[in-house]
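Below is one structure; the comments refer to it alone.
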2 protein chains.
Amino acid sequence: MSARVTMRDVALAVGMSPMTVSRALRDDRTVNAKTRTRVRQVADELGYVYDSTAQAFRTQKSGFVAVTLPSVNNANFAETFRALTNGLGEAGLQLLLGSTNYRVEREEELVRQLLTRNPEALVLTGGHHTDEMRKLVQGRGLPVIEMWDLPADPLGHVVGFSNSDAMAHIVGHLASTGRRKLAFVGASEGADMRGAVRRAGVVQAARAHGLPEVVTIDAGPAPVSMRHGNAVIEAMGREVAQYDALVCVSDPVAFGCLSAAQRMGLRVPDDLAITGFGHFEVARVSNPRITTVNVQAEDIGRQVVALLQGIFDGDIDSPVRTDVGSALVMGETS
Amino acid sequence: MSARVTMRDVALAVGMSPMTVSRALRDDRTVNAKTRTRVRQVADELGYVYDSTAQAFRTQKSGFVAVTLPSVNNANFAETFRALTNGLGEAGLQLLLGSTNYRVEREEELVRQLLTRNPEALVLTGGHHTDEMRKLVQGRGLPVIEMWDLPADPLGHVVGFSNSDAMAHIVGHLASTGRRKLAFVGASEGADMRGAVRRAGVVQAARAHGLPEVVTIDAGPAPVSMRHGNAVIEAMGREVAQYDALVCVSDPVAFGCLSAAQRMGLRVPDDLAITGFGHFEVARVSNPRITTVNVQAEDIGRQVVALLQGIFDGDIDSPVRTDVGSALVMGETS
DNA sequence: CCGCCAATTGTTATCGATAACATGATACCG
DNA sequence: CGGTATCATGTTATCGATAACAATTGGCGG
């Protein structure tokens, strides 16, 4: 049927040039107020829809901010994403989201694809990337932000926290309450770097506190969640009681472990302490509440938004590094 | 510094026309194999990045599929989204995601914005929209799919299930196990239509089974989750024991109620049955497991992908209506 | 050796909005 | 009343890739 309605069509209908239409729709104050209202009315009547693609092409500004997440199916990442969407939406920017499925190779592929959309900034979750990534984003004027981590050699700006410090809080707390034999419950070594860093943090902190070597309980390939924690403890049976505490890679995993332990009649925390990570809702509602670490997912999003605004306003020249920190949240499982 | 590298630059470097470069990069078999490899190599060396914006502009095909979700912070919607991302990614399409925050006005605003990007299809969650929505999407050749619902008067294609049928399964089960006094736990009336439909389904089914009128327990404004279910039951105290069963709008809410009930010493299901909705992970891992309804979030996503492929291949002319159904999943809370 | 076909590469115009510059109209000043 | 500032609108060129068509080359049959 009818081809797309363009500014040209609106211009013909009001008897003016496309340039005037363009100005009128953009609320340019140099156009006469009456002209502006008439243009808008006619545009409405014709069912005109603005073409952001043409604008992006002409102005070389896409209005996109590209974001990679390991997964949207994680309440904390989803929360950060929500904060980004809301904050950047107010600035007229739209998010282009990609999921890496916790794999750096997938991240690289994704970034390659996202870059073809000419985003105005690139926000990556995590500080571990393929070697190619650095070449990919350098040289371009593109602002890059890594979040949820504090990489030693960042690509650009950073808004994150130290995963190993966070685990050290947990281990310190457990050690000070007399727990000695710790097991770490997380994903198999390999893809998920964040999990590996947390594990290393636990091992290191345990050594620092003079505790016996930490055993790793493998809950399967990343991402691991409630059911994986549940299954692995259920499979172990009462053998799990040999440990004083299960230090879990995340709250969902901890909840799975907690549920399995309770089902086999273990008393938590009396027989076994369990700790989580991330301050997920389940940790606050479960019974008993799970001792965890608050990582302020929403705050990370807000800080990234503030940083981007500074960058777009030209207020920021050198790389920014923000540590949002983390805090132990006492529950009833330890 | 250096301006963006374009096909023109690559063409100059290899001593050929931009058209040949375009063909070479697109793997057009009419270009000589040697030419193609040389073009690709030079493009790599120059750090050429393809410009999807220009392509979208010239071809009038954006490569985008616009999707609205009430929230990404919901495991089921996130799961559908993941299935969409994976399925459409293989077809070279990218998702443009917007969150409506469970409000139809926000959805309209969002769709307006998304349409300016010239998406090749529009996928909406839910079948309730503002009156303007219909005008907004009609007339354009744009394929529209509503999912997660079975609207009476759809905008286009539909892939969903009946929320009231699903609730009827739950109520039928409760009635057949002798529960008579039911309370529905959900969000305040208003924004969240899906919740309202579920509530209406419960009320209607209860009447059909000759049960006393269902009481509504208001857990606060949408979206409601674990902590809201938890808080509202905690606030009621043992007064909640007057009911035979709590029919919750979702599994997270049910888990919150379960946890609160257990904390105050109620035995579930002996003193009180609790049911959820959505077959979330927490329902499978909690102790006791929560009786719920499986809505096959991933399957919805896959069906939408299949439908879109059919549409793009031109195999589909008239509106499709797919009911993915729902099934009672027996747990231990009823 | 001519002509036709296939293989390969080139030329031109175009998608819609807008920056930069130009023009026309009106007002206001000494 | 001439000249200049101000307001409102118009003209032209452009962003990068590619569809449609044109042109060139080499090969092969007759």
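Worth saying up front: this structure is predicted, and the values here are computed from it rather than measured. In what follows, chains carry the letters A, B, and so on, assigned in the order in which the sequence lines appear, proteins first and then strands, with residues in each chain numbered from 1.
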At less than 4.0 Å, is any side-chain N or O atom of B/Y48 found next to OP1 or OP2 of D/dA17? Yes or no. yes
Separation of C/dA19 atom P from A/M7 atom CE, nearest Å, is 10 Å
Any salt bridge between A/D51 and B/R117, counting N to O under 4.0 Å? no
To the nearest Å, how far apart are A/L25 CG and C/dT18 P? 8 Å
I want to check one thing: is the phosphate of C/dA19, taken as OP1 and OP2, less than 4.0 Å away from some side-chain N or O of A/R26? yes
OP1 or OP2 of C/dT9 sitting under 4.0 Å from any side-chain N/O of B/T35? yes
Using whole Å, report how far CG of A/N32 lies from P of C/dA25. 16 Å
Report which part of the nucleic acid B/T30 touches: base, sugar-phosphate, or nothing (heavy-atom distance under 4.0 Å, all strands). base
Electrostatic pair B/E107-B/R103, nearest N-O below 4.0 angstrom: no
Show the numbers, then the answer: is there a side-chain contact (heavy atoms from CB on, under 4.5 Å) between A/L97 and A/L95? CA-CA 6 Å; A/L97 174 64; A/L95 292 197; 5.6 Å; no
Quick check: does any side chain N or O of A/N32 sit under 3.5 Å from a backbone N or O of A/K34, one acting as donor and the other as acceptor? yes
Are the ring centres of B/F64 and A/F64 closer than 6.0 Å? yes
For the pair B/Q296 (side chain) and B/V324 (backbone), establish whether a donor and an acceptor sit closer than 3.5 Å, ignoring hydrogens and angles. yes
Could you tell me the separation between the CZ atom of B/R36 and the P atom of C/dT8, rounded to a whole number of Å? 10 Å
Is the distance from OP1 or OP2 of D/dG16 to the nearest side-chain N or O of B/Q55 less than 4.0 Å? no
Tell me whether the OP1 or OP2 atom of D/dT18 has a side-chain N or O from B/Y50 closer than 4.0 Å. yes
Atom pairs, N/O to N/O, protein against nucleotides 10-13 of chain C, distance under 3.5 Å?
{"from": "C/dG10", "atom 1": "OP2", "to": "B/S17", "atom 2": "N", "distance (Å)": "2.9"}
{"from": "C/dG10", "atom 1": "OP2", "to": "B/S17", "atom 2": "OG", "distance (Å)": "3.1"}
{"from": "C/dG10", "atom 1": "OP2", "to": "B/T20", "atom 2": "OG1", "distance (Å)": "2.7"}
{"from": "C/dG10", "atom 1": "N7", "to": "B/R23", "atom 2": "NH2", "distance (Å)": "2.8"}
{"from": "C/dG10", "atom 1": "O6", "to": "B/R23", "atom 2": "NH1", "distance (Å)": "3.3"}
{"from": "C/dG10", "atom 1": "O6", "to": "B/R23", "atom 2": "NH2", "distance (Å)": "3.2"}

Starting from P on D/dA17, measure out to CD on A/Q60 and report it in whole angstrom. 9 Å
Does this structure show an ion pair linking B/E109 with B/R112, if we count only N-O contacts that are shorter than 4.0 Å? no
Expressed in angstrom and rounded to an integer, what is the separation of B/L12 atom CG from D/dG16 atom C1'? 14 Å
Between D/dT14 atom C1' and B/F57 atom CZ, what is the distance in whole Å? 10 Å
Roughly, in whole Å, what's the span from CZ in A/R29 to C1' in D/dA8? 13 Å
